[in-house]
Amino acid sequence: MTEKPDKLLEEIERKWCAHWSDSRLYAFDRTRDRAEVFSIDTPPPTVSGHLHPGHCCSYTHTDLVARYQRMRGKEVFYPMGWDNNGLNTERRVQLMLGIACDPTLPYDPAFKPPEKPGKNIVHVSRPNFIASCHTVTGLLQKSYLELWTKLGLSVDWDFTYTTIGAPAARVSQAAFLELLQKGIVYRSASPTLWDIEFRTSVAQAELQDRMLAGQFYRIQFRSDAGDAIIETTRPELLPACVAMVAHPDDDRYRSLVGQTVRTPLFDVAIPVLAHPLAEPEKGTGLAMVCTFGDQTDVTWWRDLQLPLRIVIEKNGRLAKATPDWLRSESAERAYAQVGGLTVDKAREQIVSMLAESGELLGSPRPTERAVKFWENGKRPLEILATPQWFVRYPDKETLLRYGEELRWWPEFMRVRYEHWVNGLIGDWNVTRQRYFGVPFPVWYRLDSDGNPLQDEVILPDHADLPIDPSTDAPRGFDPNDRGRPGGFAGDPDVMDTWATSSLSPQIAGRFLDDSDLWPRIFPMDLRPQAHEIIRTWLFYTVVRSHYEFGMLPWANAAISGFVTDPDRKKLSKSLGNAPDDPLKLIEQYGADAIRYWAARGRPGQDVIFDANQFKVGRRLAIKLINVSRFVLGVPHELQRVAEPNALDQSMLGALAAVVDDATEAFENYDYTRALDATEQFFWSFCDNYVELVKTRVRTGDRSAQGALHVALRTLQQLLAPFLPFVAEEVWSWWQAGSVHRSRWPNADDVQTAFSGSPDGRDSGDWDAVVAALAEIRRARADSRLPFRQQIESLTLVHPAGIAAPVQAAMADLRHAANIGEIRLQPGAALSVTDVRAAPAPVATTVPENASDG
RNA sequence: GGGCGGUUAGCUCAGCCGGUAGAGCACUUCGUUUACACCGAAGGGGUCGGCGGUUCGAACCCGUCACCGCCCACCA
């Protein structure tokens with residue numbers, strides 16, 4: 001206890017980290033019933049990213065709730081997962097090792113990934129690539145584990161999972177097969193959003209609109225039935241044009257609708273049709289429909305049953321071969337100039353050809369428009385039609401009902417879910433043309449030419465899961481028939497990362513393997529997560545839980561905000577505004593200090609990264625140590641006192657109110673309010689109460705000693721969720737067991753533990769004495785006398801109501817401010833007059849015998 | 001274009017059902033008071049984003065505008 005404080009905090013954190021781990025303090029007691037359990041569907045962090053302070057913030061929020069619930073007597077199921085599947089890891093591996101996957105290459109058992117990336121990217125086989133992914137994520141997981149441990153998260157590490165691991169793959173594949181059997185999952189070559197850079201399909205939930213500059217081109221179509229002019233930003237899609245649409249009420253085109261016109265350059269006959277989605281105000285009011293320029297094209301294509309004319313390929317270039325619907329010689333000639341070009345180059349080319357043919361009217365008009373990107377991508381998405389696995393959504397009413405049933409913290413986050421549900425288009429594409437993910441557990445029969453028959457799916461036995469169809473052969477087939485005509489081939493794709501993480505309750509709760517555990521934790525109590533993934537993780541989990549269990553997966557959703565820099569920009573590596581490694585911050589300020597900062601961020605609100613708050617938190621932690629030293633330095637028998645002091649009782653009355661406040665706040669997931677109430681009282685306790693009773697305590701006053709100890713015990717507990725390390729340390733000085741397994745304080749107990757009577761004094765009495773003390777201290781400060789020099793006397797003018805409590809605390813007030821005599825005088829407002837200081841310096845400190853009154 | 005949050009002291013934020021503004025940090029002054037100098041006490045500092053309205057009374061309720069952040073939106 002004698003070390004310098006700065007070293008002391010470090011020691012304390014190291015000591016309790018080890019102790020909690022050794023004693024398995026947070027181990028989940030799986031004998032408890034569902035009613036006694038509080039279960040948390042912890043967000044598995046993506047381990048391919050960088051650690052930054054934002055990680056500390058939201059995970060601390062969850063831990064605050066977990067620790068509170070544990071102290072309330074709940075057995076807390078608090079697992080951790082590592083989200084390591086998916087593209088993020090692939091990109092990380094490519095960056096760290098300089099390798100990329102080429103699935104056509106054969107497996108090389110001798111392959112060892114390079115330590116550092118070389119000049120050129122090395123292409124390796126899929127099994128080699130996946131092995132490297134595992135190596136890298138294993139490495140990264142360690143740094144996350146270290147951070148969570150040092151931050152003091154009260155996770156039960158025995159329930160750790162990874163989203164790429166065999167158990168997760170088994171759950172994902174089993175759930176997939178079940179939905180397939182129910183007809184909820186289907187395979188279709190429907191139009192799909194496609195990223196040309198990563199060459200994978202993506203889902204609606206992963207879209208991001210970005211504003212891009214573009215040009216409107218005014219284009220004349222060939223028509224005998226009147227002017228058919230459109231405006232488009234994507235003239236390169238002209239060869240994919242299948243129709244033209246106008247709004248049914250648009251008088252300008254009434255005669256044109258129903259006619260046939262021909263496309264410029266390519267001379268393809270297309271119908272002019274009416275559709276309500278065509279907006280008269282946009283462009284010329286006449287739109288060309290291509291397969292596919294955007295989502296509206298998809299809708300028109302479906303509604304109007306138009307032909308499919310795809311010209312853009314998976315690599316984002318126009319197909320090299322002339323499409324068969326371009327018949328005329330001139331069309332072939334025109335297409336020959338664009339086939340094989342990228343979209344951008346093709347656009348330039350077509351524009352210049354249109355200009356030449358005179359079918360481009362006027363000059364291009366610049367515009368800004370929203371373009372769809374994959375959130376991870378750098379190039380605009382295209383819409384292609386390739387075979388994909390889709391999950392049908394439940395109807396919107398059902399989904400909205402779940403949104404209503406779920407309790408949202410904060411409440412306003414609910415609308416984000418509702419908006420998302422209302423804006424759903426089509427079904428959920430769960431397919432990704434990637435490598436490091438959970439494979440689809442299916443094979444296809446091959447026809448006599450060796451092409452997969454999409455409708456002839458071969459499924460594995462449930463008992464064999466998880467399987468990798470690219471290396472495992474279906475039962476009853478010769479492995480050598482893989483790829484042979486008449487044989488089989490594995491599904492080449494992997495599941496969308498959300499298709500796995502939407503099963504996080506089942507994965508964490510070992511749904512398939514542990515029928516004893518599952519009913520004790522499901523449906524879960526809490527899903528904590530960030531608001532940006534309401535439309536993905538939260539929404540998809542609701543969908544999956546609906547299909548598997550017909551109920552909400554959890555009762556509460558606590559939505560956290562972002563951590564931003566002082567300019568309100570989200571902290572991120574790419575913006576370059578992410579400050580230090582959070583591990584360094586913990587080293588510098590202490591974990592309790594970082595947690596304090598995090599706890600000051602209210603649920604759902606963005607939190608500003610502010611080193612000042614770390615200092616405040618650190619100060620609070622040190623204060624708790626110091627005041628505990630003082631209080632525990634005096635005798636402390638917690639026995640009832642026959643005649644409890646009124647001040648002591650009123651202080652405990654005020655503390656009891658704080659306990660109620662903090663408890664209610666925690667019940668509403670408002671840990672910030674709980675901290676605020678506790679902290680405020682704590683400082684007042686230290687600065688006012690402890691100072692007031694010092695003399696009484698020294699002279700053996702049982703009432704003051706008892707009250708001090710009740711208050712200290714309560715405050716240590718109230719602060720324990722926020723400052724788990726320091727709270728545990730000071731608790732260990734005088735209590736048995738861990739503070740984190742102690743019973744959360746109760747307002748009645750706080751009052752009765754000491755006086756034996758439940759009707760404690762009004763906490764207003766405490767406020768009155770505090771106010772009087774402040775007034776007296778002000779007078780003392782104005783007198784400019786050193787504290788040791790006693791002020792002979794002063795008059796305290798006071799409103800009528802507070803005479804009694806002030807009178808009762810008279811001796812304490814005099815000693816705390818070193819005043820010889822305090823005269824009371826009724827008046828309007830609290831003030832001090834008639835200060836009489838002793839004429840000469842007097843050595844008086846505190847009176848020897850303080851039991852006078 | 002639609003929606004959601006926010007705008008209160010230099011900074012970070014409280015302010016529950018409307019009763020003429022609070023805390024912490026920072027700043028200034030004072031103080032070695034055997035828990036704590038990573039301390040204690042005191043002090044200065046705000047026309048509560050703008051404009052209307054309701055009310056005896058508005059930071060708080062209503063309308064409107066501005067700004068910041070975020071989410072969503074069918075790229076013609």
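Naming: A, B, ... by sequence-line order, numbering from 1 per chain.
- With hydrogens and angles ignored, no donor-acceptor pair under 3.5 angstrom links the side chain of A/Q295 to the base of B/rA73.
- The CG atom of A/L675 sits 12 Å away from the C1' atom of B/rA14 (whole-angstrom rounding).
- At the heavy-atom level, A/Q204 lies under 4.0 Å from the strands shown only through sugar-phosphate atoms.
- Contacts of A/C290 with the nucleic acid, taken as non-hydrogen atoms under 4.0 Å apart, are absent.
- Within 4.0 Å (heavy atoms only), A/I230 reaches no atom of the nucleic acid at all.
- Taking only distance into account, the side chain of A/K623 meets the base of B/rC36 through a donor-acceptor pair shorter than 3.5 Å.
- In this structure, the CD atom of A/Q680 is 9 Å from the P atom of B/rG24, given to the nearest Å.
- Aromatic rings from A/F682 and A/Y689 are positioned such that their centres are separated by 6.0 Å or more.
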(request) Report the C-alpha separation of A/Y393 and A/F539 in whole Å, then their side-chain angles, then the decisive distance to 0.1 Å, and conclude whether the ring-ring contact (aromatic ring centres under 6.0 Å, His included) test is met. (result) CA-CA 11 Å; A/Y393 287 130; A/F539 169 70; 5.4 Å; yes
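- A distance of 6.0 Å or more separates the ring centres of A/Y417 and A/Y540.
- Across all strands shown, A/R780 has no heavy atoms under 4.0 Å from either base or sugar-phosphate atoms.
- Using a 4.0 Å heavy-atom criterion, one finds that A/I534 contacts no nucleic acid atom at all.
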(request) Before giving the answer on side chain to side chain contact (heavy atoms under 4.5 Å, CB included), spell out for A/E236 and A/V351 the whole-Å C-alpha distance, their side-chain angles and the decisive distance to 0.1 Å. (result) CA-CA 8 Å; A/E236 73 275 16; A/V351 167; over 6 Å; no
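- The side chain of A/R619 sits closest to B/rC25 out of B/rC25, B/rU33, B/rA35.
- Within the 4.0 Å cut-off from OP1 or OP2 of B/rG31, not a single side-chain nitrogen or oxygen of A/R784 is found.
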